[in-house]
Amino acid sequence: MKDQTLSSRGSVLLRLVHGSKRFFIASVLFAWMTSLLDLINPKIISFTVDAVIGESQVSIPGFLNPLISKVGGEEGLRNNLGMIALAILTIALLAGSCRYAFRVMNFKGQERMLKNTRTLLYRHITSLPLTWHNQNHTGDIIQRCTSDVDVIRSFLSDHITTLIRMVVSILLSIAFMLSISWKLTLMVCCFIPVIILFSYFFHIRIEASFQKVDEMEGHLSAVAQENLTGVRVVRAFGRENYERKRFEESNEEYTGLWKYLMHLLSLFWATGDAISGLQTLLILLIGASYCLAGELTVGNYIAFLSYSAMLSGPVRMLGRVISGMSRSGVSIDRIRYILNAPSEVNTQGEDKPDMTGDIVFEHVAFRYGENDADVLQDISFTAKAGKVTGILGSTGSGKSTLMYLLCRLYDLPDNSGRILVGGKDIASMDRKWVREHVGIVLQEPYLFSKTLGENIAMTKAGADMEQIRESARIAALDETVTHFAKGYETDVGERGVTLSGGQKQRTAIAQTLMRHTPITILDDSLSAVDTETDAKIRLALDNMPEHSTKILISHRITTLMHADTILVLDKGKVVEQGTHAELIAKNGLYKKICDMQSPEGALET
C-alpha cells in the first residue's frame, strides 16, 4: 500500500483511530447523557422542597404537567413521597448505567486504538529502508512506539472525551443555574477564569517535572540494563561497587525528582480545593442571604449549590486537559515523523528472473549520504555462477557495502553503475524476490531468544529436524550441539549470550544455508572460528550444488586462498583481482597482507 503523507496532527489522529472511532463516538454520547442526567436530580429535589413540601408555586417544564397530574398533582406527591424517591433513584440508576457504558466504550476504543497503532507502527517500521534505520536510534524508535503512543491514548480516551463532557457539563450547569439566579451564576462564573489560569500555571510546571522524571527513569533503566547485559564484564573487572554506586546515585536523583513532583501536585490540589471551597462558601453565604430576603426559594438554593459543586470539578480539570493537549501535540508529531517516512516499495511489473547466472558489477559507485565520502568508486568485476569469489580488504574498504547493494538493502543512485544477475539489472527486480534468492550471513550474527533449533529453522517454514541438522553439519555445528545437554533445544538466551562467538557465527551460517539460495554470501562470518573449523566449513560449502554462487568476505588469507577469484579492495576501489597464485605473483597488496599473516611464506603456495 502506498504511503500517505500525514500533513497535520488531526490527520495523524484520524489514522490512528481508524477502526475504533465508533467506540469513541459512543463514549462521548454516553458522557453527554451522563452529564444531562446528573443535572436532573437537583431539579427534582428543588421541586420537592418548594412545591411538594413547601407548597410554593414553582414553574416546571410543560411536558411534565400531564405526568404530575396523573399522580394527583403536588397533593398526590405530598402524600406519596416514595414516588419522588423512586424517580430520583431511577435517574441515578440511568446516570450510573450511562457512566458504565461510557467507561466500557472508552476502554474498548482506547484498547482497539492501541492494538491498531502498535500494528500500524510495527508494520511501517519494518518496511522502512535500512538508510532510515541507520539515521534513527533504536531506543528513540521504541520510546516513540511506547511512551508517545500511550500519551496519545491518554489524550484520546481521557482528555478529548473529558473536554467534550466538561464543556457540556459547564454549559448545562450554567444554564440551569441561570434559570435559578443570574446574580449567583455571575459570581460562580467569576471564579472560572481564576481556576483555569491557576490550573494552567501549575500544570506547565508539573509537565516540566514529569518530563524530567521520565528522562531520569530512562537513564535509570539504561544503567540497570547495561549492568544486567554486561554482568560478565562487570564481574571480570571487579566493577560491582562502582556500578552499584552509580545506580544508587541515579536512583537517589530519580527519587528526589518524584518528591519534588509530589510536592507540586500536593500544592496544586490543596490550593485548588481552597479556591473551590472559597467559591462554595461565598455561594453558601450569599445564597442564604437571598433566601432570607425572599429572593430565592429553599429548593432552588439547594439545587444551585448542587450545580455549583458539579461545575467546580470540570472547571478545575480544564487546566489539566490544556496541559495534556500540549504534551500530546509533541507525541503526535513524533509519531507522524515515523508514519511519514517513505517505505520500501516495489513498482508494478518488476522482474522475478532466474538468479543462477553470473553476478556482474559495472562501474558501481556509492555513498551513504549526500554529504558523505564515496564508499565505493568505479567497482567492476564478475562473480562467475557456481564459483567461489573471495573479497579481501581492510576495515572501511567497502566489502560489506558491496553485499548490501547486491541484496538491495540499499539502492544505487542514478548514474552510479549497475549490478546484474544473469544479465538482468537488480534495480528492475522485485526486492523480496532478490532477498529470497540471496542468502547472507552478516558480520555480527543476531540470534533471537529461542532455542538453537528454532534459530536455525526460522528462515524456512516447516523445516524438520533432519534439515536443521544437515545445515548444522555444513556449518560444522552439529557435532558441537551433540555435547549440549539439551541439544538443539538449548535456549541461546538474549542475542545468543549463552553461545561463544564461533558458535553464534556457525548458527547464523546454518540459518542461511537452510534457505538453499542460489547466491550465498559469508560477510566475514568465519572470523570467530578456528582455522580447522574454517577449513571444514569451506570444504562443505565447496560440496554444495554447482549452481550455487558463493561470495566469501574475510580478513583471513586462509579463508580466501582457495576461491576461484579473489578481489582486493582498498579505499573503495578494486586494486587487485585474480587467483591466489596470480595475486602472489603480482607482489602487491595481497602479497603484503599474506606475508603479514604468514611471515614464513607458508601461504604462498
Side-chain angles (χ1 to χ4, degrees), residues 1-3 5 120-145 334-347 350 352 355 359 361 364-377 379 391 393 395-421 425-448 458-459 495-496 504-505 508-509 511-512 515 517 519-525 551 553 569 572:
M1 184 179 70
K2 187 177 180 181
D3 293 331
T5 301
L120 173 67
L121 287 171
Y122 183 80
R123 287 180 177 177
H124 187 71
I125 289 171
T126 54
S127 73
L128 293 175
L130 194 58
T131 305
W132 186 89
H133 286 278
N134 291 340
Q135 296 171 349
N136 294 273
H137 296 293
T138 302
D140 182 61
I141 297 171
I142 293 174
Q143 186 176 8
R144 291 172 190 255
C145 296
R334 285 167 60 81
I335 295 298
R336 180 170 57 174
Y337 170 78
I338 294 178
L339 295 177
N340 279 344
S343 304
E344 276 188 344
V345 292
N346 288 326
T347 57
E350 288 191 321
K352 295 182 179 180
M355 299 288 287
I359 301 170
F361 280 68
V364 171
F366 183 75
R367 63 177 61 178
Y368 285 102
E370 293 182 1
N371 300 321
D372 296 336
D374 288 334
V375 179
L376 301 175
Q377 303 176 50
I379 299 290
I391 301 179
T395 301
S397 60
K399 306 185 300 297
S400 298
T401 302
L402 285 174
M403 301 305 103
Y404 294 156
L405 292 172
L406 180 57
C407 294
R408 290 201 69 185
L409 292 176
Y410 298 99
D411 284 329
L412 281 173
D414 295 336
N415 303 317
S416 298
R418 297 191 304 166
I419 302 175
L420 310 174
V421 177
D425 192 339
I426 65 170
S428 65
M429 298 181 190
D430 180 276
R431 289 181 191 275
K432 187 177 179 181
W433 176 264
V434 172
R435 293 168 188 170
E436 285 177 348
H437 291 78
V438 178
I440 183 170
V441 184
L442 299 174
Q443 287 180 337
E444 299 178 3
Y446 187 97
L447 302 183
F448 292 85
M458 67 180 297
T459 57
R495 297 190 178 189
K504 284 192 283 189
Q505 284 192 336
I509 293 171
Q511 187 181 79
T512 297
R515 301 169 63 191
T517 53
I519 301 173
T520 302
I521 303 168
L522 272 66
D523 185 3
D524 211 8
S525 309
I551 299 176
I553 300 174
L569 295 184

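Everything numeric in this text was worked out from a predicted model, so none of it was measured.
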(message) side chain to side chain contact (heavy atoms under 4.5 Å, CB included) for Val421 and Ile519? Distances and angles first, verdict last.
(response) CA-CA 10 Å; Val421 177; Ile519 301 173; 4.3 Å; yes

Tell me every residue that passes side-chain contact (heavy atoms from CB on, under 4.5 Å) with [X], counting only those two or more places apart in sequence or in another chain.
X      : value
Ser400 : Tyr404, Gln443, Asp523
Ile440 : Met403, Cys407, Leu442, Ile521
Gln135 : Thr131
Arg418 : Glu362, Leu420, Asp425

(message) With a 4.5 Å cut-off on side-chain heavy atoms, are Pro129 and Asp411 touching?
(response)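 Not touching, per the 4.5 Å side-chain cut-off.
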
Which residues satisfy the side-chain hydrogen bond (donor to acceptor under 3.5 Å, both in side chains) test with [X], sequence neighbours excluded?
X      : answer
Asn134 : Tyr410
Tyr122 : none
Arg515 : none

Minimum heavy-atom distance [X]-[Y], with the two atoms named:
X      : Y      : value
Trp132 : Asn136 : O-ND2, 2.7 Å
Gly439 : Thr517 : N-OG1, 3.2 Å
Ile335 : Arg144 : CD1-O, 3.1 Å
Ile426 : Leu406 : CD1-O, 3.9 Å
Leu121 : Cys145 : CD1-SG, 4.0 Å
Glu344 : Leu130 : OE2-N, 4.5 Å

Any donor-acceptor pair under 3.5 Å from [X] side chain to [Y] backbone:
X      : Y      : result
Thr459 : Thr512 : no
His124 : Leu120 : no
Arg408 : Met429 : yes
Lys399 : Gly393 : yes

Report the distance from atom [atom1] of [X] to atom [atom2] of [Y], rounding to the nearest 0.5 Å.
X      : Y      : atom1 : atom2 : answer
Ile338 : Ile141 : CD1   : CD1   : 6.5 Å
Phe361 : Leu405 : CZ    : CG    : 6.5 Å
Arg431 : Leu409 : CZ    : CG    : 9.0 Å
Thr401 : Tyr368 : OG1   : OH    : 2.5 Å

(request) Classify the angle between the aromatic ring planes of Trp433 and His437 as parallel (below 30°), tilted (30 to 60°) or perpendicular (above 60°). (result)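 Judged by the thresholds at 30° and 60°, the geometry between Trp433 and His437 is tilted.
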
(request) Start with the C-alpha distance between Leu569 and Leu402, add both sets of side-chain angles, then the distance that settles side chain to side chain contact (heavy atoms under 4.5 Å, CB included), and finish with yes or no. (result) CA-CA 11 Å; Leu569 295 184; Leu402 285 174; 3.7 Å; yes

